[in-house]
Visitor: 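Take a look at the following structure, please.
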Number of protein chains: 2
Amino acid sequence: MTLNLTESKVQFLESLADRTRLRIVEALREREKTVSQLVQELGATQSNISGHLRLLKISGIIKSRQEGKYVYYSLSSSAIADFLTKLEDMLAVMRREALEGA
Amino acid sequence: MTLNLTESKVQFLESLADRTRLRIVEALREREKTVSQLVQELGATQSNISGHLRLLKISGIIKSRQEGKYVYYSLSSSAIADFLTKLEDMLAVMRREALEGA
DNA sequence: CAAACATATCATTATATGTAGATATAATTA
DNA sequence: TAATTATATCTACATATAATGATATGTTTG
């Protein structure tokens, strides 16, 4: 079976490789939030945030639950938070190595 | 604060969020390779590969050394290989959780 | 020096993507 | 029920990006 892993990696990376979406995901690291909370926190338009949330949900990065007129979004897995931590650690290592001339 | 961390994360993710570039980086996980080796291995045009290598180099993801008429490219840090492993592990976890209905 | 080879760059074109504004849908409250 | 609030969707537009073909640069070798 020729399961193309590369494609799914690319799709995941594309989903996070946007300033607005990455900020959304980082905001959701703290706790679940509603669309309007994210709109206010990120200072973007509602339709913009809503569109990015849709994309992140399709990618499986976030999930949502409705409570009354609010929709709460959260990370779909703690593995995503771990991954973001790993990304930060890696960038720190790269910066350090670049300074050392490694 | 010099550079916003979010921006550098986005830049790094953008660099890998392309099928051709990700395949290049994965090919370089094994060992350093020349442009023509990558052209043959990936089946893309030389100018295409060259352009992507340029971008990856600017992003600090790969480095190069010239030996005669060949230019060898390699990952700039083993931290990048580790990061790719983490990405794979995370996707595996997400797939498993999705099946479990977690 | 000229030919062959390896790599880089440039110009063009096609496609993808992000954004805003308008509008639709749905839940809540007066 | 009407008004309000929260969220989603659609359209249009501007910009970014990837791919290609042609060409330029640089290196080796006959």
Side-chain angles (χ1 to χ4, degrees), chain A residues 4 6-28 31-76, chain B residues 4 6-28 31-76:
Chain A
N4 206 338
T6 300
E7 303 308 331
S8 58
K9 288 184 221 171
V10 169
Q11 200 221 347
F12 181 87
L13 292 169
E14 276 173 348
S15 302
L16 292 185
D18 172 89
R19 173 180 160 79
T20 305
R21 285 195 295 276
L22 186 60
R23 289 175 70 215
I24 288 174
V25 171
E26 289 182 337
L28 297 181
R31 60 182 169 284
E32 65 171 7
K33 287 177 183 171
T34 68
V35 179
S36 9
Q37 285 176 325
L38 290 168
V39 167
Q40 182 168 11
E41 183 170 341
L42 303 193
T45 65
Q46 183 268 322
S47 95
N48 185 8
I49 296 295
S50 184
H52 286 301
L53 288 171
R54 178 181 136 84
L55 214 153
L56 288 168
K57 191 170 180 186
I58 289 173
S59 298
I61 294 175
I62 62 177
K63 61 185 175 187
S64 63
R65 68 180 180 87
Q66 181 147 13
E67 188 177 311
K69 61 180 172 181
Y70 295 97
V71 177
Y72 286 87
Y73 282 92
S74 58
L75 297 189
S76 66
Chain B
N4 188 327
T6 301
E7 304 307 333
S8 58
K9 288 184 223 172
V10 168
Q11 199 222 348
F12 181 87
L13 293 169
E14 276 173 347
S15 301
L16 292 185
D18 173 89
R19 172 180 162 78
T20 304
R21 284 195 295 276
L22 186 60
R23 289 174 71 214
I24 289 174
V25 171
E26 290 182 336
L28 297 181
R31 59 181 170 282
E32 65 172 6
K33 286 176 184 172
T34 68
V35 178
S36 9
Q37 285 176 325
L38 290 167
V39 167
Q40 183 167 13
E41 184 171 340
L42 303 194
T45 66
Q46 184 268 320
S47 96
N48 184 10
I49 296 294
S50 185
H52 285 301
L53 287 171
R54 178 181 134 83
L55 216 153
L56 287 168
K57 191 169 182 187
I58 289 172
S59 298
I61 294 177
I62 62 177
K63 62 186 175 186
S64 63
R65 69 182 181 85
Q66 182 146 14
E67 187 176 310
K69 60 181 170 180
Y70 294 96
V71 177
Y72 286 87
Y73 282 91
S74 57
L75 297 189
S76 66

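In what follows, every chain begins at residue 1, and chains take the letters A, B, ... in the order their sequences are listed. Predicted model only: the values in this text are computed from it and were never measured.
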Visitor: Roughly, in whole Å, what's the span from CD1 in B:I49 to P in C:dA8?
Guide: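 Checked: the CD1 to P distance equals 11 Å.
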Visitor: Once hydrogens and angles are ignored, does a donor-acceptor distance under 3.5 Å link the base of D:dA6 to the side chain of A:Q46?
Guide: no
Visitor: Are B:Y73 and C:dA8 close enough that a side-chain N or O sits under 4.0 Å from OP1 or OP2?
Guide: yes
Visitor: Are any of the side-chain heavy atoms of A:I49 and A:T20 separated by less than 4.5 Å?
Guide: yes
Visitor: Verify the contact: side-chain N or O of A:H52 to OP1 or OP2 of C:dT19, cut-off strictly under 4.0 Å; return yes or no.
Guide: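 Affirmative; the distance criterion is met.
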Visitor: Between A:Q37 and A:K33, which heavy-atom pair has the shortest distance, and what is it?
Guide: OE1-CA, 3.2 Å
Visitor: Classify B:Y72 by what it touches in the nucleic acid, base, sugar-phosphate, or nothing, heavy-atom distance under 4.0 Å.
Guide: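 No contact at all - B:Y72 keeps every heavy atom at 4.0 Å or more from the nucleic acid.
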Visitor: Could you tell me the separation between the CZ atom of B:R54 and the P atom of D:dA18, rounded to a whole number of Å?
Guide: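 In whole Å, D:dA18 P lies 12 Å from B:R54 CZ.
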Visitor: Quick check on DNA chain C: between A:E14 and A:E67, whose nearest nucleotide comes earlier from the 5' end?
Guide: A:E14
Visitor: Could you check how far CG of B:L13 sits from C1' of C:dT17, rounded to whole Å?
Guide: 17 Å
Visitor: Of the options D:dA8, D:dA19, C:dG18, whose atoms approach the side-chain atoms of A:D18 most closely?
Guide: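 Output: C:dG18.
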Visitor: What nucleotide, of C:dT19, D:dT5, D:dT27, holds the atom closest to the side chain of B:K69?
Guide: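 Nearest nucleotide to the side chain: D:dT27.
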Visitor: Assign B:S50 to base, sugar-phosphate, or nothing according to its heavy-atom contacts below 4.0 angstrom with the strands shown.
Guide: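 Since a base atom lies under 4.0 Å of B:S50, the category is base.
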Visitor: Between A:L38 and A:A27, which heavy-atom pair has the shortest distance, and what is it?
Guide: CD2-CB, 3.9 Å
Visitor: Write down the distance between CD (B:Q37) and P (C:dC5), rounded to a whole number of angstrom.
Guide: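 So the CD-P distance, B:Q37 to C:dC5, works out to 17 Å.
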Visitor: Within less than 4.0 Å of OP1 or OP2 of D:dT9, is there a side-chain N or O belonging to A:S47?
Guide: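 Result: no.
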Visitor: Could you tell me whether a side-chain N or O of A:S59 sits under 3.5 Å from a main-chain N or O of A:F12, the two making a donor and an acceptor?
Guide: no
Visitor: I need the CZ-P distance between B:R19 and C:dA16, as an integer number of Å.
Guide: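 In whole Å, C:dA16 P and B:R19 CZ are 15 Å from each other.
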Visitor: Starting from P on D:dA6, measure out to CZ on A:R65 and report it in whole angstrom.
Guide: 16 Å
Visitor: Judged by atom type as modelled, is there a donor-acceptor pair below 3.5 Å linking the side chain of B:S64 to the main-chain atoms of B:V71?
Guide: no
Visitor: Between atom CD in B:Q11 and atom P in D:dA16, what is the gap in whole Å?
Guide: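 The answer, rounded to whole Å, is 15 Å.
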Visitor: Between C:dA22, D:dT7, D:dA19, which one does the side chain of B:T20 approach most closely?
Guide: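 Comparing C:dA22, D:dT7, D:dA19 against the side chain of B:T20, the answer is D:dA19.
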Visitor: Report yes if a donor N or O on one partner sits less than 3.5 Å from an acceptor N or O on the other, where the partners are the side chain of B:T45 and the base of D:dG21; otherwise report no.
Guide: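 In this structure, the two groups form no donor-acceptor pair.
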Visitor: Rounded to whole Å, how long is the line connecting atom CG of A:N48 with atom C1' of D:dT11?
Guide: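 Atom-to-atom, A:N48 to D:dT11, this comes out as 15 Å.
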